[in-house]
Amino acid sequence: MAEAAVGKKVLDTGWLAARSTEVALTGVQLTTTQPPASDPDLDPAAPWIHAAVPGTVLGTLLKNQLIPDPFYGLNNQAIVDIADAGREYYTFWFFTAFQCPPSGNQHVTLNFRGINYSAEMYLNGHKEVLPKGMFRRHTIDITDILHPDGNNLLAVLVHPTDHPGRIPPQGGQGGDHEIGKDVATQYVEGWDWMCPIRDRNTGIWDEVSISITGPVNITDPHLVSTFHDDFKRSYLHCTLQLENKSSWVADCTLKIQVSTELEGNIFSVEHLQSYAITIPPDSDLEYTIPPLFFYKPKLWWPNGMGKQSLYNVEISVDVKGFGESDSWSHHFGFRKIESTIDHSTGGRIFKVNGEPIFIRGGNWILSDGLLRLTKKRYMTDIKFHADMNFNMLRCWGGGLAERPDFYHFCDVYGLMVWQEFWITGDVDGRGIPVSNPNGPLDHDLFLLCARDTVKLLRNYASLALWVGGNEQVPPIDINKALKNDLKLHPMFVSNQASKSEKHLSEESTDPSKYLDGTRVYVQGSMWDGFANGKGDFTDGPYEIQYPESFFKDSFYKYGFNPEVGSVGIPVAATIRATMPPEGWSIPIFKKRIDGYIEEVPNPIWDYHKFIPYSKPGKVHDQIELYGHPKDLDDFCEKVAQLVNYVQYRALLEGWTSFMWTKFTGVLIWKTQNPWTGLRGQFYDHLHDQTAGFYGCRCAAEPIHVQLNLASYFIEVVNTTADELTDVAVEISVWDLDGGSPYYKVTEKIVVPPKKVKQIIEMKYPKMKDAKPVYFLLLKLFRLSDKGILSRNFYWLHLPGKDYKLLEEYQQKSIPLRVYSEISVSGIRHKLKMTVENKSKKSLTKSVHPVSTIDLVGDVSGSHDIGKETTQEGNESGSLWRKIRSGLSIARSNDNSRTLEVNGTDSGVAFFLHFSVHASGSATAKEKYNDTRILPVHYSDNYFSLTPGEKTAIDISFEAPPGSSPRVVLRGWNHHLDHAVVI
């Protein structure tokens, strides 16, 4: 039989599962004489079912429809909890068969990258115990127990955590906190944003693989880049472990190749080096490759600061008399991350490649509460965060040590990562009731998992820092050990080696010989430059706010807020898709004696952790500002999305207004939910974005124009390293009648790098005839070519007023023209949708707007620099170009469409948004039929266009095979489902 090729084979198909109490056979029997049938469907009486590996027991049961979807409605309440059923109920066998013939010259290992919580592994009748710990890798040499005919039977008996805990009637943060006694994820006992996970994530939850090597294998290479001469000179360092499993001396050639992609599939090889190494029999050798020199390497930058350049590092070892014995590769980013406490603000500051980075990002729990973690889902998750212009994600301590696929896409899209270890204040000594003050029971196990996690993740450019725990520090001995293990190499200590330009030879130890040594370790999320820096509960708040509050100096005292959160209701389609009809009722609005409104949700919303849009005693209801919602669509689709947009744009703009003068960063709690929750999210569990997503995208632009909602001064934000010159701001106010009573273009302005500059007061609200509700459009543009650098659209009301006039504005009929360019490749669709507001512009004769095109190509126009004009009355309606009634779709060629929607009014096309649907009706008699195609990536959405404006929106998605995708446009005053059918 031919030898298998050297390399890794992932075992992710063909798995079966069965509850242990229903299997009478032993592991030896299962993997020798009495294996289960390969197709359990042929024997319904057998206990075996198709398994989800990687995945959890609950995921497997759901896959086989043996439990209802725990994230739908109140289904989770019907699923048996481990506390009631006992650990044996969720103790499961997992079984598979794989092909791998034995060979006298090859060695084979079986690898488990994550099991929760412990297991016994049986292969061809041989047993191996896989010790406890959710965040440790298991590697078993199976060379001598492979079956002679190459057909191998594998069974794994997986046990839940030792202390799964019990969920108190009132719920709580981490249930009864018993889960904290183990080294496992803690959110599974439930939180104020999460339902309890009934099996506590028991299962083979991460990748299973076999690795085939020759006599020598490569283990855990550590890549480090160092820099000199202001980043002109760089060295790539690498230390790795080589293991000779043979009984003879191995004469080896170790090769390293470093290449970079130039264009398409053309690569440039930057280095190709080889080294002769001799390894004694049955021994391990740590080898440090001589540093490789690079002149001006392409640097990796965070999102918004530059390109995410990645080099492909390939390492292989050839053994004399055998050939290639093992190989390893990794995409590596040359970059240097420094982090210190900023003395002027007290906040922690991050520098990448010497440049300070103002942090605007979010808190991340995990992608899915049943650990259905796929590359495709990770890619969507991380790209969504990059699309919001975020530059950091915090992996919260009650969640996961995130997986390599997560970090790979953070490298690709430029999201720096703050990775916490598995400590939370709620569970580890600070919760109610207080429990586990000394953290997990087995401190050695915790440190073993921590060190193994560091080795797994340390080569990713996006990994920015390690943190001991959430709102808590680890126990004294663990904290001391982590500080020692993760101490910085001298070349990475800020203001020392990096400033003194020491040559590498002056350093006693190569930096790649450290466990890490390149990133700081901070003991807790509210210590040492985060929150008040002392561990007091000074993060938050976590509820609705008045938008102007975020701009006030009194809102938050400290330099870096690691958690501040608010609302997050999804669109109505998501509510219908994830809840039965009794969950479609909107909250009851109860007016209190003090005038505040209390929103009382239905039981399903309450179970899904709904955050109200009011805070009685502090914040009046922000939904009611627009009028009382009539139904679910009115509440979710229209009003709540308006508030989501305003709330999160204001949060980030308010923080950015104090950039470097008071704040060094902010992380929003949270960006998404690992289930169908109704709070703190910018996209839902089905991957549909809320309007808050696009409010963040707007506010976090690297170059941005904004209105300070507290002072009503217009500000220009420049987070980049370059001075912003030869620019101006166009200010236009639009009323509900389609007129523009206020218009101004500023003088030429200059904004220094990494500064916020106050430009001019927006005076319209103080004018005698100011309208109670109005729209404000700000455009920051280059004077040289009129190109727009930033565009920001607000809807505002005068002090003491509300937005109820917008209710009748829904009846406006605004003419639109939509051009579409379509590209289809298999199931992948890419579209460019250009939307034009065909209303007649209503400005005074002396005023010419900068551009009617939003961020599309070159523009032209003249300017009245510094001149302010006002207009009273309404000139709209009289000069409208008549277009035919109804809808017209004209094909100019196979890949383009033009759609025209007639309208009889002039004004702003307000709060337009696209969605993509498969063919089919939107409702069904017995169950809601969700026609949306998800996920979809939009370059912008929930946008508004003033008369004469047009904007181009890029849309990309994968359509189900055989579907006929429809791109639908809706809006506040655009109610017809006008669609482009692809």
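The first residue in the sequence is number 1, and the count goes up from there.
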Answer with yes or no whether the side chains of S462 and D411 bring together a donor and an acceptor at under 3.5 Å. yes

Y287 versus Q241, side-chain donor and acceptor atoms under 3.5 Å: no

Test: D162 and K181 ion pair at under 4.0 Å: no

Strictly below 4.0 Å, N to O, side chains only: are R519 and D516 in salt-bridge contact? yes

T239 side chain to T288 side chain, donor-acceptor N/O pair below 3.5 angstrom: yes

Measure from the ring center of H159 to the ring center of Y117 and say whether it is less than 6.0 Å. no

Would you say the ring centroid of F135 lies under 6.0 angstrom from that of W422? yes

Among side-chain atoms of N105 and S103, is any donor-acceptor pair under 3.5 angstrom? no

Is the number of heavy atoms from other residues, nucleotides or ligands under 6.0 Å of K383 NZ greater than 12? yes

Run the ring-centre check on H330 versus Y460 and record whether the distance is less than 6.0 Å. yes

With distance as the sole test, does T139 use its side chain to make a donor-acceptor pair with the main-chain N or O of N111 at under 3.5 Å? no

Could you tell me whether R19 and E88 make a salt bridge, using a distance below 4.0 angstrom between a side-chain N and a carboxylate O? no

Looking just at side-chain N and O atoms, do Q186 and D428 make a donor-acceptor pair shorter than 3.5 Å? yes

Distance alone, cut at 3.5 Å: any donor-acceptor contact between the side chains of H489 and D510? no

Salt bridge or not between R377 and D368? Use side-chain N to carboxylate O under 4.0 Å. no

Using every non-hydrogen atom in the two residues, find where V427 and G180 come nearest and quote the distance to one decimal. CG1-CA, 3.3 Å

So do H271 and Q257 actually touch side chain to side chain, heavy atoms under 4.5 Å? no

Cation-aromatic face contact R137/F112, 6.0 Å, 45 degrees: no

For the atom pair CG (D485) and CG (L515), what is the distance rounded to the nearest 0.5 Å? 5.5 Å

Do the two ring centres, one from W466 and one from F421, sit under 6.0 Å apart? yes

Can you confirm whether the side chains of E402 and W364 place a donor and an acceptor under 3.5 Å from each other? yes

Taking the six-membered ring for Trp, is the centroid-to-centroid distance between F92 and Y90 below 6.0 Å? no

Checking Y122 now: which residues fulfil ring pair (Phe, Tyr, Trp, His ring centres under 6.0 Å) with it, not counting sequence neighbours? W93

When you check the gap from the basic side-chain N to the acidic O, do K245 and D282 get nearer than 4.0 Å? no

R200/E178 ion pair, N-O < 4.0 Å: no

Is the shortest distance from a Lys or Arg side-chain nitrogen in D452 or R136 to a carboxylate oxygen in the other one below 4.0 Å? no

Whether the T56 and N201 side chains hold a donor-acceptor pair (N or O, under 3.5 Å, no angle test) is what I'd like checked. no

Between E420 and R394, is there a side-chain N and carboxylate O pair less than 4.0 Å apart? yes

Run the numbers on H147 and N152 for side-chain hydrogen bond (donor to acceptor under 3.5 Å, both in side chains), then give the verdict. CA-CA 6 Å; H147 199 280; N152 300 281; over 6 Å; no

With a 4.0 Å cut-off on N to O distance, would you call E286 and K513 a salt bridge? yes

At their closest point, which heavy atom of P674 faces which heavy atom of L366, and how far apart are they? CB-O, 3.4 Å

